[in-house]
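A quick write-up on the structure given underneath.
Below, each value reflects all heavy atoms present in this structure, side chains not excepted, and no hydrogens, waters or symmetry copies. Atoms within a ligand are numbered from 1 in the order they appear, just like the ligands themselves. We count residues from 1, following the sequence as given. Only a predicted model underlies this, so the values are computations on that prediction, with no experimental measurement involved.
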Amino acid sequence: MSPTKTLYENVSSQFDRSADLAALDNDIRKILSRTVNEIVVNFPVRMDDNRIEMFTGYRVQHNDVLGPFKGGLRYHPSVDLDEVRALATLMTWKGALANIPFGGAKGGITFDPSKYSNAEIEGITRRFTYALGNNIGPEYDSVAPDVNTNAQIMAWILDTYLSTVSPHERHRSMHVVTGKPVELNGSAGRDKATGQGIVYVIQEWAKDNDLDLKGSTYFVQGLGNVGSWTARLLDFLGAKLVAVEDVSGAISKPGGMDLDELCHYVKEHGRAVKGYPNAEPVDHETFLKTKADVFIPAAMENQIVGSTAGLLNVRLVVEGANGPTDLEGDKILQERRIEVLPDILCNAGGVVVSYFEWLQNKRSESWDIEEVDSRLRKIMISAYARARDVVQKRSIDWRTASYVVALGRLEKVYRERGIFP
Ligand code: NAD
């Protein structure tokens, strides 16, 4: 059964529920319930066989009261205005909760990159960047990787953007994208940042809930950037990966998988877990029923919904993906006393290290991995503690508490700045 609401409707309902609880000022509520800019571009790209194909791309800028717009770029057939709008909105809450000086934005192009050659993907990326023109910029709206985009794609965006600005601007515009290759002014630790942030949050929750991560069990949906880094870092702490699902299928091994071997297999087999010989293939329902301490959805939205939330057999859900749980799913998990650490709290590590990269570029600095990790840890632990305070004081769930903290910060800034004119 598919979810009854779109991702944007779901994100809007989460906002409404939390705004009620936070008694958010009505005028500020009106502002935050809308996006500032929605850019849609249709653009032609020449394919390898000389044909021209038309593509549609989006950049939605939700709010920039805390600082420049910031958010990822997704390449996926499901990308549409509703999805990008929802993801941009989540970015505003994420930046506010993490207490970093960024607003929220998101972008995407509607296509399946697995059906295109590398040269075609480069052409699509460059032409999209050109079409966006001044709608992005290092001090205005800076782009980062998301589903099916990576450091290489960030490098193409950077090169295209820099080719369109005056030579005097070039060297001070490197932060128009973050998540760049390290040798191209990227930051140490950006690749693993989202997974690292997730693991810092899991460690805090484990301390609070007497869960020894060594020997604990977890399963993960998605073994891309977020899922694979989270798994590698949990593996390092002695936790056992007992099931994985990606777009190709699901596999299970209750005794725990050899993560290095699995990651090597996935790399060699078109980024797919299907066919991995040292685990049992299972169907989607069996995968969701996996008995473990923690489930980490780290793929796409709307996975834990009315029809699936009842299947989970875990203590904790950690939202590595954006929007993996819809309202109905949330309600069922609450009734079943399964805690959910929400996307805007636990997957913020990516935007936090993007902020570090942005700062390093502005200052022509290069921080080492120890510095990046220790600063990230501090920010993640503080965000977790701020949300936990509200969870405990108001006896509410983690998602609503995280929204209350984020909306509180935005409200304060709006009150101080006032509304022009
Ligand atoms: P990715 O493209 O690197 O990996 C996506 C993974 O999801 C792949 O393993 C793919 O096979 C799997 N997948 C796709 N559709 C699936 C389906 N229907 N069922 C099961 N698995 C499926 O993407 P990513 O960067 O790891 O992003 C994953 C999620 O994390 C997204 O929701 C994204 O918005 C969120 N996120 C990413 C970052 C980041 O820094 N990359 C930061 C914060 C949040």
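- Pairs engaging residues 240-268 under the ring-ring contact (aromatic ring centres under 6.0 Å, His included) rule: Y265-H269, Y265-Y276 [sequence neighbours left out].
- Between F219 and F295, the ring planes lie parallel to each other; the angle is under 30°, not in the 30° to 60° tilted range.
- Contacts of R386 classified as salt bridge (Lys or Arg N to Asp or Glu O under 4.0 Å), with partners at least two apart in sequence or in another chain: none.
- By the side chain to side chain contact (heavy atoms under 4.5 Å, CB included) test, D16 pairs with R29, sequence neighbours left out.
- Test W358, F356, F69, Y140 against F102 for ring-ring contact (aromatic ring centres under 6.0 Å, His included) and you get one pass: W358.
- The 4.0 Å heavy-atom shell around ligand 1 contains residues R74, P145, D146, V147, N148, R190, T194, Q221, G222, L223, G224, N225, V226, E245, D246, V247, R271, A298, A299, M300, G320, A321, N322, N347, ordered by chain and number.
- Using bins of under 30°, 30° to 60° and over 60° for the plane-to-plane angle, the ring pair Y403/W93 lands in the tilted bin.
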